[in-house]
Amino acid sequence: MRILAPDDQELCPIHALREWLAVLADDGQLTPGPLLRRIDRHANIGAKAAGRHTQEPNRRGGITTDTVNDIIKAAARAADLTPTPTPEELTAAAQAKQEAVAAAGAAPTAEEVNVIVKTWRTAKRAARAAVRRITGHRFRRRPIQAMLAAGNPPEVVAVYSRHSPRSSAFDAHRNNQIA
């Protein structure tokens, strides 16, 4: 598969990669290990940046999956791709939780408490599922589903995506293929 470079260098991923590698080289950090590195507010890069440090030298200075997820979520919100809850929606959610806690506190048996809590959690999950969410995991899941939909053997896709051949997570991707 080829990636065609757009005419505008600001939109070109290859140009961005070359620029980033030049920054790492200038800072003496063009080394094996993570491509995406931490940058602190003082413009320190990688292992020089503030933050938690791992014991694994090949991962030192890299950003975490949580950081990638936060960046993707923030970009999606900034582009208005995901809705931001209104104050009224946040108030309604907090009130529903308070009502569930009060009802669970007044329930005479543990079974009734479990039913109340389960009902509230189910409603909360359903409301959350109805809202479009964009997370870092979407960028892992979609290519897997596309490769499977294109007819690639699941064993090959699993190796490519670094899943165990018997992974239940990979099976979930397999069972939810895109059309």
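A quick note: this is a predicted structure, and the numbers were derived from the prediction, not measured. One is the number of the first residue; the rest follow in order along the sequence.
- Judged purely by atom type and a 3.5 angstrom limit, Asn152 uses its side chain to pair as donor or acceptor with the backbone of Met147.
- The distance from the CD atom of Gln98 to the CH2 atom of Trp120 is 11.0 Å, given to the nearest 0.5 Å.
- Ile39 and Val23 fall within the same hydrophobic cluster, where Ile, Leu, Val, Met, Phe, Trp and Tyr residues are linked whenever their side-chain heavy atoms come under 4.5 Å apart, directly or through other members.
- Hydrophobic cluster membership is shared by Leu17 and Leu30, with clusters built from Ile, Leu, Val, Met, Phe, Trp and Tyr side chains linked at under 4.5 angstrom.
- Applying the side chain to side chain donor-acceptor pair (under 3.5 Å) definition to pairs two or more places apart or across chains, those involving residues 67-82 are Thr64-Thr67.
- Of all non-hydrogen atoms in Ile116 and Ala103, the two that sit nearest each other are CD1-O, 3.5 Å.
- Inter-residue side-chain proximity for Pro34 and Ile63 is flagged as unmet; no heavy-atom pair is nearer than 4.5 Å.
- For the side chain to side chain contact (heavy atoms under 4.5 Å, CB included) test, residues two or more places apart in sequence or in another chain that qualify with Leu90 are Pro85.
- Between Arg162 and Arg140 the shortest heavy-atom distance is O-NH2, 4.3 Å.
- By the side chain to side chain contact (heavy atoms under 4.5 Å, CB included) test, Val159 pairs with no residue at all, sequence neighbours left out.
- Applying the side chain to side chain donor-acceptor pair (under 3.5 Å) test to Gln95 and every residue at least two apart in sequence or in another chain returns Glu99.
- Screening residues 103-125 for salt bridge (charged side-chain N to carboxylate O under 4.0 Å, His left out), with sequence neighbours left out, gives no hits.
- One distance of note links CG of Leu35 with CG of Leu24; it measures 7.0 Å at 0.5 Å rounding.
- Atom OG1 of Thr119 sits about 10.5 Å away from atom CG of Asn114, to the nearest 0.5 Å.
- Transitive grouping of hydrophobic side chains (ILVMFWY, heavy atoms separated by less than 4.5 Å) keeps Val101 and Val115 in distinct clusters.
- Residue pairs meeting the salt bridge (charged side-chain N to carboxylate O under 4.0 Å, His left out) criterion with at least one partner in residues 4-30, sequence neighbours excluded, are Asp27-Lys48.
- The hydrophobic cluster containing Tyr160 also contains Phe170, counting ILVMFWY residues as joined when their side-chain heavy atoms lie under 4.5 angstrom apart, directly or transitively.
- Rounding to the nearest 0.5 Å places OG1 of Thr31 at 4.5 Å from CZ of Arg37.
- Between the side chain of Gln29 and the main chain of Ile45, a donor-acceptor pair closer than 3.5 Å is present.
- Residues Ala104 and Val117 share a closest heavy-atom pair of CB-CG2, 4.3 Å.
- Leu148 and Val157 get closest at one heavy-atom pair: CD2-CG2, 3.9 Å.
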